[in-house]
Amino acid sequence: MVDQNKIKKAVKLFLEGIGEDPSREGLIESPDRIARMCTEIFAGMEEEASVHLSKTFVIENNEMVVEKDIVFYSVCEHHLLPFYGKVHIAYIPDGKVVGLSKLARTVETYARRPQIQEQMTGQIAESIMKYLKPQGVMVMVEAEHMCMTMRGVKKPGSRTVTLSKQGCFAENPYLQDTFFRMIHE
């Protein structure tokens with residue numbers, strides 16, 4: 001659970017540490033605003049993907065399901081700077097599907113934590129495999145990282161792409177190609 005009092009104290013110390021006066025007009029409410037913001041952007045710390053993936057619907061056909069362009073915002077655990085982009089998910093059902101909004105909610109569960117993109121990609125795929133039990137899943141994440149844009153190497157516009165293939169997607173290049181064609185349509 002987010003401890004807003006600790007965050008407020010830390011923000012005040014941080015402002016003092018960079019040479020600011022936390023009591024000046026523009027900053028006096030910043031510790032409180034940042035504490036409230038943390039409750040929102042780190043809400044995934046309190047969630048489990050199983051909640052979103054447990055409600056399923058029986059289906060007759062087991063054709064590929066693709067949910068693409070799921071926008072997300074996360075925070076890099078190394079620099080506490082944002083990274084953001086899109087997640088594309090495909091799975092081959094094994095007799096049941098999940099509501100499409102539940103895939104986006106699963107993305108949010110993992111994005112709303114201090115995180116690295118490589119780990120988040122795997123967590124989304126693993127949760128879908130574990131709770132939905134499809135024949136296979138493929139997750140692709142494309143993101144821009146502010147730690148690459150505004151500090152260090154300073155390369156705005158560069159994107160990092162990560163991929164996780166499990167089950168039949170790991171073994172079948174045709175399914176992989178179909179996924180890539182579908183997300184680029």
Side-chain angles (χ1 to χ4, degrees), residues 1-55 67-89 98-131 137 139-164 183:
M1 174 169 285
V2 172
D3 185 331
Q4 289 197 357
N5 287 325
K6 283 185 178 180
I7 293 169
K8 290 176 193 178
K9 289 176 188 174
V11 170
K12 185 176 177 189
L13 284 172
F14 174 79
L15 291 170
E16 291 170 353
I18 64 169
E20 266 293 356
D21 175 7
S23 65
R24 77 173 171 83
E25 183 181 4
L27 294 175
I28 198 158
E29 294 179 23
S30 291
D32 187 56
R33 281 191 291 267
I34 292 171
R36 288 192 319 268
M37 175 194 70
C38 287
T39 299
E40 180 181 345
I41 67 173
F42 297 117
M45 301 287 294
E46 307 285 322
E47 293 182 8
E48 292 299 326
S50 60
V51 172
H52 307 301
L53 296 171
S54 62
K55 174 75 172 152
E67 183 74 18
K68 66 181 189 174
D69 297 330
I70 302 168
V71 175
F72 77 93
Y73 300 90
S74 192
V75 175
C76 166
E77 68 184 31
H78 297 150
H79 300 99
L80 296 182
L81 288 172
F83 68 97
Y84 55 92
K86 294 179 180 180
V87 176
H88 316 287
I89 300 171
V98 69
L100 296 177
S101 70
K102 304 309 183 191
L103 296 174
R105 291 184 191 283
T106 299
V107 169
E108 288 298 303
T109 294
Y110 293 110
R112 291 184 176 201
R113 299 174 179 190
Q115 186 65 277
I116 62 172
Q117 180 178 333
E118 298 88 341
Q119 177 175 280
M120 185 179 84
T121 305
Q123 288 171 327
I124 294 166
E126 289 164 14
S127 290
I128 293 169
M129 285 298 287
K130 180 177 181 180
Y131 299 111
V137 66
V139 176
M140 180 175 157
V141 179
E142 304 174 87
E144 184 167 348
H145 293 249
M146 296 308 289
C147 58
M148 289 272 297
T149 298
M150 65 184 289
R151 59 153 304 278
V153 71
K154 295 183 181 99
K155 296 295 177 202
S158 64
R159 293 182 314 162
T160 300
V161 180
T162 51
L163 191 64
S164 180
I183 65 170

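Note that these values count all heavy atoms, side chains included, but never hydrogens, waters or copies made by symmetry. For this chain, numbers begin at 1 and follow the sequence in order.
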Checklist entry - Does the pair Tyr131 and Thr106 meet the rule for a side-chain contact (heavy atoms from CB on, under 4.5 Å), with working shown? => result CA-CA 11 Å; Tyr131 299 111; Thr106 299; over 6 Å; no
Next on the checklist: Evaluate Val98 against Leu103 for side-chain contact (heavy atoms from CB on, under 4.5 Å), listing each step before the verdict.
Outcome noted: CA-CA 8 Å; Val98 69; Leu103 296 174; 3.9 Å; yes
Item to check | side-chain contact (heavy atoms from CB on, under 4.5 Å) between Glu20 and Phe14, intermediate numbers included | outcome: CA-CA 9 Å; Glu20 266 293 356; Phe14 174 79; over 6 Å; no
Checklist entry - Under the side-chain contact (heavy atoms from CB on, under 4.5 Å) criterion, do Tyr73 and Ile41 qualify, and how do the steps go? => result CA-CA 8 Å; Tyr73 300 90; Ile41 67 173; over 6 Å; no
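The salt bridge (charged side-chain N to carboxylate O under 4.0 Å, His left out) test applied to Arg112 returns Glu108, not counting sequence neighbours. Take Glu67 and apply the salt bridge (charged side-chain N to carboxylate O under 4.0 Å, His left out) test, not counting sequence neighbours, and it matches no residue.
Atoms CG and CD1, from Leu53 and Ile124 in turn, are 10.5 Å apart once rounded to the nearest 0.5 Å. Taking CD1 from Ile128 and NZ from Lys130, the interatomic distance works out to 13.5 Å, rounded to the nearest 0.5 Å. The distance from atom CD1 of Ile89 to atom NZ of Lys68, rounded to the nearest 0.5 Å, is 14.0 Å. Interatomic distance, CD of Glu29 versus CD1 of Ile34, reported as 12.0 Å (0.5 Å rounding). The CE atom of Met148 sits 12.5 Å away from the CG atom of Leu81 when rounded to the nearest 0.5 Å. In this structure, CD1 on Ile7 lies 10.5 Å from CG on Asp32, to the nearest 0.5 angstrom.
One side chain, Gln115 or Gln123, offers a donor N or O that lies under 3.5 Å from an acceptor on the other. Side-chain contact, Tyr110 with Ser127: a donor N or O sits under 3.5 Å from an acceptor N or O. A donor atom on one side chain and an acceptor atom on the other are not found under 3.5 Å apart for Thr160 and Gln117. When only modelled atom types and interatomic distance are considered, Thr39 and Arg36 share no side-chain donor-acceptor pair under 3.5 Å.
Few gaps surround CD on Glu118; more than 12 heavy atoms of other groups in view lie less than 6.0 Å from it. The local environment of NZ in Lys86 is sparse, with at most 12 non-hydrogen atoms from other residues, nucleotides or ligands closer than 6.0 Å. Within 6.0 Å of CE in Met150 there are 12 or fewer heavy atoms belonging to other residues, nucleotides or ligands.
Of the possible donor and acceptor atoms, one in the side chain of Ser74 sits under 3.5 Å from a partner among the backbone N and O of Ala111. Glu144 places a side-chain N or O within donor-acceptor distance of the main-chain N or O of Gly157, the cut-off being under 3.5 Å.
Proximity of Val87 to Met140: side-chain heavy atoms (C-beta onward) are nowhere separated by under 4.5 Å. Side chains of Lys102 and Ser54 form no contact here, defined as non-hydrogen atoms less than 4.5 Å apart. Taking 4.5 Å as the limit, every side-chain heavy atom of Glu48 sits out of range of all side-chain heavy atoms of Thr109.
Of all non-hydrogen atoms in Gln4 and Ala35, the two that sit nearest each other are NE2-O, 3.6 Å. Listed here is the closest heavy atom pair of Cys38 and Val2: O-CG2, 4.0 Å. In terms of heavy atoms, Thr121 sits closest to Val139 at CG2-O, 3.6 Å. Taking both residues in full, the closest heavy atoms of Arg33 and Gly26 are given as NH2-O, 3.5 Å, listed atom of the first, atom of the second, then distance. Across every non-hydrogen atom of Met120 and Phe83, the tightest pair is CE-CE1, 4.5 Å. Contact between His79 and Cys147 at its shortest, heavy atoms only, is ND1-CB, 3.4 Å.
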